[in-house]
2 protein chains.
Amino acid sequence: MRNEEYSGWEDVRAEALRRIQSRAWAPGALIPSEEEFARELSCARTTVNRALRSLAEEGLLIRKRRAGTRVAELPQRAAKLNISLVAEEIRARGASPSHLCILQDSRPLPSHIAAAMSLPVAAPLIYVETLHLADARPFAFETRFINPQSVPAAREADFASVSANEWLLRHAPFNHGTLDYSARPAEAEAAEALGCAPQTPTLVLDRVTHGPEAAITWVRMAYAPDYHLTMKL
Amino acid sequence: MRNEEYSGWEDVRAEALRRIQSRAWAPGALIPSEEEFARELSCARTTVNRALRSLAEEGLLIRKRRAGTRVAELPQRAAKLNISLVAEEIRARGASPSHLCILQDSRPLPSHIAAAMSLPVAAPLIYVETLHLADARPFAFETRFINPQSVPAAREADFASVSANEWLLRHAPFNHGTLDYSARPAEAEAAEALGCAPQTPTLVLDRVTHGPEAAITWVRMAYAPDYHLTMKL
DNA sequence: CAGTGGTCTAGACCACGGG
DNA sequence: CCGTGGTCTAGACCACTGG
């Protein structure tokens with residue numbers, strides 16, 4: 001059995017990973033410098049850099065200039081959550097998505113939501129209620145406020161054909177936002193829409209998205225009682 | 001006002017981002033090739049590559065060989081979730097973490113958990129119940145099964161001083177795992193530990209982590225009713 | 001101050017896959 | 001086929017920071 005060849009950065013990465021997982025590089029220990037490691041594997045330092053950077057991004061290595069690279073003592077890996085589009089989420093579950101725009105009007109902002117959006121309570125916002133369906137069965141009940149100052153075109157939008165969710169994603173790209181999941185008893189309106197008893201525990205997502213200047217939208221999604229939010233680690 | 005200088009890949013990235021957000025590069029449209037863009041900004045193609053790759057990883061660009069790079073029509077950004085250590089999560093909330101190991105024994109695996117862990121029901125597993133506290137107030141109630149086949153040292157471990165959570169992270173680095181959040185009525189035991197009424201809606205996390213060979217642990221965290229899982233987008 | 005990671009460059013080869 | 005992105009290389013300079 002001869003030595004393996006390490007040509008690509010993915011091979012270098014795999015080799016480093018192997019040494020970490022086999023404890024050949026102990027947690028907290030200093031590993032060889034990029035130059036050394038490159039010499040050992042007969043490749044360019046750039047290639048090693050790419051590999052180690054990749055492992056560092058995943059939290060398995062801690063890199064510091066001058067101090068060198070160490071194996072993380074408590075390797076913490078992050079799960080990625082990708083649920084910008086409800087319809088996509090439903091499709092990913094093998095069901096056919098659809099939605100009902102229950103109502104769409106304009107109304108003043110409740111004070112606790114105004115705080116979350118960093119907006120004054122004064123000006124009325126667009127308000128939309130939507131029921132999302134998976135294979136014609138209730139999936140989630142959505143309550144949404146839209147700031148027309150950030151998205152003037154929203155005033156003329158019709159959310160019956162394209163959901164507010166998708167419409168906003170297309171017309172108002174956001175800079176940053178906040179997600180907030182909690183467990184809450186279903187409110188009367190949500191319970192009716194979802195077809196469950198009031199007070200049934202439901203998973204609730206509150207999301208605020210901000211544009212370059214001000215908040216774009218606040219949305220609360222109350223998911224059906226059997227909903228599970230799953231992610232890979 | 002003279003032209004800006006684009007030396008680093010972060011500057012190139014910023015410029016590309018500006019063009020995307022300003023719609024100078026429309027959604028779905030083809031953007032200049034790396035070579036073109038590099039010429040325009042007077043930098044190496046490698047630098048442009050680094051910048052565009054970064055934007056592609058965030059889902060703002062779609063890159064294909066030969067077909068070129070396009071602006072994503074539905075820019076979907078992923079939120080990162082980092083909750084491998086309960087104690088860290090509590091600390092991040094500005095509270096002081098502690099825990100009580102309520103019980104630790106060995107018992108057969110309930111069939112639905114065995115399925116989740118891809119293990120036979122036969123052999124008994126280590127079972128641990130832990131209450132996590134934030135500033136001495138109940139934070140989460142943890143129920144856990146540990147597979148001694150994957151982590152033999154766990155048989156002699158004492159989870160009173162170091163939580164099972166942290167002990168496993170140190171002694172049994174995992175390859176991959178699954179997270180599953182749902183809203184559930186508090187079970188009797190959890191309700192008592194958390195100091196809330198039974199049936200109160202609680203956020204529940206079921207997590208399975210796997211080692212290179214077999215499952216390492218299954219854990220259910222029932223969070224206190226006022227718990228919010230927050231993430232940035 | 002000096003070693004380490006971070007990055008840029010110019011050039012090269014290759015894999016993929018659209019036309 | 002052949003343009004595009006993906007990557008490797010060798011060399012260089014720089015930024016940071018520990019000793």
Side-chain angles (χ1 to χ4, degrees), chain A residues 3-20 24-73 75-76, chain B residues 3-20 24-73 75-76:
Chain A
N3 278 341
E4 293 156 17
E5 292 286 325
Y6 300 103
S7 38
W9 69 270
E10 289 185 291
D11 297 321
V12 175
R13 189 201 129 96
E15 172 61 15
L17 187 56
R18 197 189 61 72
R19 298 193 187 186
I20 293 169
W25 289 345
L30 208 56
I31 76 170
S33 73
E34 294 188 347
E35 199 185 351
E36 269 183 86
F37 201 34
R39 237 183 296 120
E40 184 189 340
L41 301 187
S42 308
C43 67
R45 183 168 79 90
T46 316
T47 307
V48 171
N49 180 285
R50 181 88 148 86
L52 298 187
R53 194 204 323 147
S54 156
L55 290 170
E57 278 168 3
E58 289 179 31
L60 277 75
L61 293 176
I62 314 285
R63 319 195 73 194
K64 281 183 197 162
R65 286 169 155 133
R66 167 73 193 185
T69 301
R70 289 177 181 282
V71 179
E73 306 225 17
Q76 49 182 349
Chain B
N3 279 341
E4 293 156 17
E5 291 286 325
Y6 300 103
S7 37
W9 69 271
E10 290 185 294
D11 297 320
V12 174
R13 188 200 130 98
E15 172 61 14
L17 187 56
R18 197 188 61 73
R19 296 193 188 186
I20 293 170
W25 289 345
L30 208 56
I31 77 171
S33 75
E34 293 187 347
E35 199 185 352
E36 269 183 86
F37 201 35
R39 237 182 295 121
E40 183 189 341
L41 302 185
S42 308
C43 68
R45 183 168 77 93
T46 315
T47 307
V48 170
N49 181 285
R50 181 87 150 86
L52 298 188
R53 194 203 323 145
S54 156
L55 290 171
E57 278 168 4
E58 290 178 31
L60 277 75
L61 293 177
I62 314 286
R63 320 195 73 194
K64 281 184 197 161
R65 288 170 151 133
R66 168 74 193 183
T69 301
R70 291 177 180 280
V71 178
E73 306 224 18
Q76 51 181 348

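Just so we're on the same page: letters track the sequence lines, and every chain starts at 1. These numbers were taken from a predicted model, which means no experiment stands behind them.
Closest to the side chain of A:R66, out of D:dT17, D:dG3, D:dT7, is D:dT17.
Listed pair B:S33 / D:dG3 fails the phosphate criterion, with no side-chain N or O lying under 4.0 Å from OP1 or OP2. OP1 or OP2 of C:dT7 sits under 4.0 Å from a side-chain N or O of B:R50. For C:dT4, the OP1/OP2 oxygens have no side-chain nitrogen or oxygen of A:T69 closer than 4.0 Å. Within the structure, a side-chain polar atom (N or O) of A:N49 is placed less than 4.0 Å from OP1 or OP2 of C:dG6.
Between B:E36 atom CD and D:dG3 atom P there is a gap of 13 Å when expressed in whole angstrom units. Between the CZ atom of A:F37 and the P atom of D:dC8 there is a distance of 14 Å, given to the nearest Å. Atom CD of A:E10 and atom P of D:dG6 are 12 Å apart (whole Å). The nearest whole Å value for the distance from the CZ atom in B:R13 to the C1' atom in C:dG6 is 17 Å. Rounded to a whole Å, the CG atom of B:L41 is 10 Å from the P atom of C:dT9. A:E34 has its CD atom 6 Å from the P atom of C:dG6, to the nearest Å. Separating the CD atom of B:E35 from the C1' atom of D:dG5 is a distance of 12 Å, rounded to the nearest angstrom. Between the CZ atom of B:R70 and the C1' atom of D:dG5 there is a distance of 14 Å, given to the nearest Å.
Contacts between residues 51-64 of chain A and DNA chain C, defined by a heavy-atom separation under 4.0 Å, are made by A:R63, A:K64.
Contacts of B:R39 classified as side chain to side chain contact (heavy atoms under 4.5 Å, CB included), with partners at least two apart in sequence or in another chain: B:E35, B:E36. Taking B:R63 as the reference, B:E34 meet the salt bridge (Lys or Arg N to Asp or Glu O under 4.0 Å) condition, with sequence neighbours excluded.
Using a 4.5 Å cut-off on side-chain heavy atoms (C-beta onward), B:V71 and B:L61 make contact. Within the 4.5 Å cutoff, the side chain of A:W25 has heavy atoms near those of the A:P32 side chain.
For the side-chain contact (heavy atoms from CB on, under 4.5 Å) criterion with B:F37, the lone passing option out of B:V48, B:T47, B:I31, B:N49 is B:V48.
Taking CG of B:L52 as the start and CD of B:E57 as the end, the distance is 11.5 Å to the nearest 0.5 Å.
Side-chain atoms of A:R45 stay outside donor-acceptor range of the base of D:dA10, with no qualifying N/O pair under 3.5 Å.
B:T46 comes within contact range of at least one nucleobase, with a heavy-atom separation under 4.0 Å.
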> Is there a side chain to side chain contact (heavy atoms under 4.5 Å, CB included) between A:E58 and A:R13 once you walk through the steps?
Replying inline: CA-CA 12 Å; A:E58 289 179 31; A:R13 189 201 129 96; 2.9 Å; yes
